[in-house]
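Computed from heavy atoms alone, side chains included, the values below leave out hydrogens, waters and symmetry copies.
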Amino acid sequence: MISGLFVTFEGPEGAGKSTLVRSLAARYEAEREVLVTREPGAGAFGAAVRRLLLEGEDLEPRAELFLFLADRAEHVSGIVRPALARGALVLCDRHADSTVVYQGYGRGLDRAQLRAWNAFATQGLTPHLTILVDVPTEVGLARVTESNRLDAESLEFHRRVRQGFLTEAAAEPDRWVLVDGTQPLEAVLIEAAGAIERLFATAGA
Ligand code: TYD
């Protein structure tokens, strides 16, 4: 049984998602249980998979995909679902849409198949709300300070990723909210909080 709310944050590199997630958590944790989490890398298993994914050698795209999916399956069943069952607000920095976008639009793997693998990994869990923090590719890349294996991909790869997020958001407007990440944090925070509060209102939470 799910009684909590599952909100995911997506976007290209350097969009400022992690700062936004922390600020939102601070805004709500006095009034409800808030779980801040991320993919890849939550929990001990996630941390090990994250090292393989982001610090390792070049990976075959299918091997990379299954590592992201393994992280997601473990994260959803061991961390996200239990928190939702307790009624928590779960704020997750990247989730299944990153797979469709990075491995699909970015690496060129079949997107319909990726959606099916995502549904398999999450056992059908989908976010109640997904906030896309959008920044132009060059602006985002210029903000990256600690580069990982995916940040180091070509400019063309990152352009496909940004475009992919915009296409996904436009295709499912009831779930996605687009926020301009080039604005000052305070403005980004107000827009994201507005979307979350509309969700509270519709969910009666
Ligand atoms: P991270 O340091 O968490 O990036 P960011 O701060 O930009 O969120 O690194 C995660 C990287 O993994 C990021 O480049 C996006 C990529 N990724 C995928 O390619 N597929 C996925 O399914 C997920 C969750 C992330």
Side-chain angles (χ1 to χ4, degrees), residues 8-21 37-42 46-76 92-122 126-127 130-173 175-183 185 188 192:
T8 60
F9 295 80
E10 300 282 2
E13 310 300 325
K17 291 178 284 88
S18 354
T19 318
L20 173 63
V21 170
T37 189
R38 68 169 177 179
E39 291 183 10
V49 177
R50 184 179 170 90
R51 276 195 297 279
L52 287 173
L53 272 165
L54 299 182
E55 293 166 20
E57 308 269 302
D58 258 7
L59 287 173
E60 211 282 329
R62 285 160 196 77
E64 178 186 82
L65 166 67
F66 284 111
L67 287 175
F68 281 117
L69 292 171
D71 170 73
R72 181 159 308 130
E74 187 61 24
H75 180 223
V76 166
C92 184
D93 190 346
R94 295 199 185 281
H95 180 63
D97 297 300
S98 276
T99 296
V100 173
V101 169
Y102 280 82
Q103 280 61 57
Y105 293 86
R107 297 265 188 253
L109 298 182
D110 182 81
R111 293 201 293 275
Q113 207 159 46
L114 294 174
R115 292 184 213 282
W117 283 124
N118 270 335
F120 178 70
T122 63
T126 45
T130 298
I131 296 179
L132 170 56
V133 188
D134 177 56
V135 285
T137 309
E138 281 88 347
V139 174
L141 289 178
R143 287 179 180 174
V144 172
T145 46
E146 280 171 42
S147 191
N148 62 44
R149 198 174 56 77
L150 275 122
D151 298 325
E153 282 293 332
S154 68
L155 190 57
E156 263 322 298
F157 176 91
H158 290 293
R159 288 214 170 100
R160 288 199 298 280
V161 163
R162 186 209 181 189
Q163 214 39 59
F165 276 124
L166 291 171
T167 306
E168 288 298 301
E172 231 185 308
R175 174 165 67 91
W176 291 77
V177 166
L178 173 65
V179 176
D180 174 1
T182 64
Q183 305 175 94
L185 173 64
V188 174

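For Asp97, the side chain to side chain donor-acceptor pair (under 3.5 Å) partners at least two apart in sequence or on another chain are Arg175. In this structure Gln103 satisfies the side-chain contact (heavy atoms from CB on, under 4.5 Å) test together with Glu64, Leu65, Phe68, Thr99, Leu109, Leu114, sequence neighbours excluded. Residues meeting the side chain to side chain donor-acceptor pair (under 3.5 Å) test with Asp151, sequence neighbours left out: Asn148. By the ring-ring contact (aromatic ring centres under 6.0 Å, His included) test, Phe157 is found to be paired with no residue, residues two or more places apart in sequence or in another chain being considered. With sequence neighbours excluded, no residue forms a ring-ring contact (aromatic ring centres under 6.0 Å, His included) with His75.
We find the OH-CD distance between Tyr102 and Glu10 to be 8.5 Å, quoted to the nearest 0.5 Å. Between the CG atom in Asp93 and the CZ atom in Phe9 there is a gap of 8.5 Å [rounded to 0.5 Å]. Separating the NZ atom in Lys17 from the SG atom in Cys92 is a distance of 9.5 Å, to the nearest 0.5 Å. Note: Thr130 OG1 to Leu178 CG = 12.5 Å, rounded to the nearest 0.5 Å. Atom CG of Leu67 sits about 6.0 Å away from atom CG of Leu52, to the nearest 0.5 Å.
The number of heavy atoms from other shown groups lying within 6.0 Å of CH2 (Trp117) does not exceed 12. Other residues, nucleotides and ligands place no more than 12 heavy atoms under 6.0 Å from the CZ atom of Arg62. Environment of CZ in Phe66: crowded, with over 12 heavy atoms of neighbouring residues, nucleotides or ligands closer than 6.0 Å.
When side chains are defined from C-beta on, Pro12 does not count as touching Thr137, because their heavy atoms never get closer than 4.5 Å. Residues Leu59 and Arg149 have side chains in contact (heavy-atom distance under 4.5 Å, counting atoms from C-beta outward).
Looking at Arg50, Arg94, His95 one by one, the single match for side-chain hydrogen bond (donor to acceptor under 3.5 Å, both in side chains) with Glu39 turns out to be His95.
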Contacts table for residues 160-171: side-chain donor-acceptor under 3.5 angstrom, sequence neighbours left out:
{"residue": "Arg160", "atom": "NE", "partner": "Tyr105", "partner atom": "O", "Å": "3.0"}
{"residue": "Arg160", "atom": "NE", "partner": "Gly106", "partner atom": "O", "Å": "3.3"}
{"residue": "Arg160", "atom": "NH2", "partner": "Gly106", "partner atom": "O", "Å": "2.7"}
{"residue": "Arg162", "atom": "NE", "partner": "Asp134", "partner atom": "OD1", "Å": "2.9"}
{"residue": "Arg162", "atom": "NE", "partner": "Val135", "partner atom": "O", "Å": "3.4"}
{"residue": "Arg162", "atom": "NH2", "partner": "Asp134", "partner atom": "OD2", "Å": "2.8"}
{"residue": "Thr167", "atom": "OG1", "partner": "Gln163", "partner atom": "O", "Å": "2.8"}
{"residue": "Glu168", "atom": "OE1", "partner": "Arg115", "partner atom": "NH1", "Å": "2.8"}
{"residue": "Glu168", "atom": "OE2", "partner": "Tyr105", "partner atom": "OH", "Å": "2.7"}
{"residue": "Glu168", "atom": "OE2", "partner": "Arg115", "partner atom": "NH2", "Å": "3.1"}

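When all heavy atoms of Ala152 and Ser147 are compared, the pair lying nearest together is N-OG, 4.1 Å. Minimum heavy-atom separation, Pro40 to Asp71: CA-OD2, 3.1 Å. Residues Asp110 and Gln113 come closest through the heavy atom pair OD2-N, 2.8 Å. In terms of heavy atoms, Gly181 sits closest to Val188 at CA-CG2, 4.2 Å.
Salt bridge Arg159/Glu153: absent, no basic N to carboxylate O contact under 4.0 Å.
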